[in-house]
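Below you'll find the structure, written out as structure tokens, and then a few comments.
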Amino acid sequence: MPDLLQSGQAWLADQLHEHVATEVTYRRGAEELTVRATIGRTLLKLDDGYGGVRLEWTDRDYLIRAADLALGGSPTQPQRGDQIREAVGAQTLVYEVLAPGDEPPWRWADPHRRMVRIHTKQIATEA
């Protein structure tokens, strides 16, 4: 019997990719590829260094199908320092893959590892 939850999540990931995602350029060093990404944000709970917690939003998260993230033809996982470039009107917004504190720069977006959620911070705006 097929796993209904897995089938439903696969359908949802395909719907997001087809109807909600926008094209972005994913870059690591000299290698880059164009992928479709769904845009979001994450509220992170971070240690404030005094025994408490502070809350901080990521600038932007990109949800990308794991199978689409293949630099040089090989599947890859996001790394701190990679860049995601997004055209908005006449400008290109440049984001760096990273997360504040000791948080990882990306997470699996679903339990079946079909999509990655990449945390970023905007580092530039180009004309």
Side-chain angles (χ1 to χ4, degrees):
M1 176 177 227
D3 180 338
L4 286 175
L5 184 56
Q6 185 173 0
S7 297
Q9 287 175 333
W11 177 85
L12 180 58
D14 290 342
Q15 295 304 304
L16 286 172
H17 180 78
E18 187 67 29
H19 301 291
V20 182
T22 187
E23 280 194 354
V24 299
T25 301
Y26 192 95
R27 180 182 290 173
R28 177 178 298 155
E31 291 185 274
E32 65 180 41
L33 71 138
T34 301
V35 294
R36 292 183 57 81
T38 302
I39 297 169
R41 291 179 78 188
T42 298
L43 182 61
L44 300 171
K45 294 180 183 179
L46 305 170
D47 181 350
D48 70 359
Y50 301 101
V53 174
R54 78 178 199 280
L55 301 176
E56 188 172 325
W57 286 98
T58 57
D59 277 4
R60 186 165 287 211
D61 286 355
Y62 291 93
L63 284 85
I64 299 174
R65 292 191 306 194
D68 293 345
L69 199 54
L71 288 169
S74 299
T76 190
Q77 293 179 341
Q79 294 178 2
R80 284 185 195 272
D82 290 353
Q83 291 184 357
I84 298 177
R85 304 168 66 79
E86 178 186 346
V88 177
Q91 297 181 324
T92 298
L93 306 179
V94 182
Y95 291 87
E96 184 174 337
V97 176
L98 60 83
D102 293 330
E103 290 292 313
W106 70 277
R107 293 180 162 87
W108 292 109
D110 64 281
H112 301 289
R113 298 183 174 198
R114 290 181 53 86
M115 295 183 75
V116 294
R117 174 180 285 272
I118 306 169
H119 307 307
T120 67
K121 181 152 187 75
Q122 186 175 1
I123 58 169
T125 302
E126 299 174 352

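The analysis underlying the following values was restricted to heavy atoms, covering all of them including side chains, and did not include hydrogens, waters or symmetry mates.
- For E96, the salt bridge (Lys or Arg N to Asp or Glu O under 4.0 Å) criterion is met by no residue, not counting sequence neighbours.
- At least one side-chain heavy atom of V35 sits under 4.5 Å from a side-chain heavy atom of V24.
- A search for side-chain contact (heavy atoms from CB on, under 4.5 Å) contacts involving R28 returns Y26, L71, T76, Q79, D82, not counting sequence neighbours.
- The shortest heavy-atom contact between R60 and T120 is O-OG1, 2.5 Å.
- Here the CG-CE distance, from D68 to M115, works out to 9.0 Å after rounding to the nearest 0.5 Å.
- Counting heavy atoms from C-beta on, the side chains of I84 and I118 come closer than 4.5 Å.
- Evaluation of the side chain to side chain donor-acceptor pair (under 3.5 Å) rule for T125 yields Q122 as partners, not counting sequence neighbours.
- Residue pairs meeting the ring pair (Phe, Tyr, Trp, His ring centres under 6.0 Å) criterion with at least one partner in residues 69-108, sequence neighbours excluded, are Y62-Y95, W106-W108.
- Each salt bridge (Lys or Arg N to Asp or Glu O under 4.0 Å) pair with one or both residues in residues 118-127, not counting sequence neighbours, appears once here: D59-K121, R85-E126.
- With sequence neighbours left out, the side-chain contact (heavy atoms from CB on, under 4.5 Å) criterion links R80 to L98, P105.
- Taking the salt bridge (Lys or Arg N to Asp or Glu O under 4.0 Å) definition, one finds that D110 meets it with nothing, sequence neighbours left out.
- Scored by the side chain to side chain donor-acceptor pair (under 3.5 Å) test, Q6 finds no partners at all (sequence neighbours excluded).
- Taking hydrophobic clusters as Ile, Leu, Val, Met, Phe, Trp and Tyr residues chained together by side-chain heavy-atom distances below 4.5 Å, L33 does not share a cluster with V94.
- Hydrophobic clustering, with ILVMFWY side chains joined whenever heavy atoms are under 4.5 angstrom apart, groups L55 together with W57.
- For the residue pair R107/H119, the side-chain donor-acceptor check at 3.5 Å is satisfied.
- S7 places a side-chain N or O within 3.5 Å of a backbone atom of D3 that can act as its donor or acceptor partner.
- Residues satisfying the side-chain contact (heavy atoms from CB on, under 4.5 Å) criterion with Q15, sequence neighbours excluded, are W11, H19.
- The side-chain hydrogen bond (donor to acceptor under 3.5 Å, both in side chains) contacts involving residues 29-39 comprise R27-E32, where partners must be two or more places apart or lie in separate chains.
- Scored by the salt bridge (Lys or Arg N to Asp or Glu O under 4.0 Å) test, R41 finds no partners at all (sequence neighbours excluded).
- Hydrophobic cluster membership is shared by I39 and L93, with clusters built from Ile, Leu, Val, Met, Phe, Trp and Tyr side chains linked at under 4.5 angstrom.
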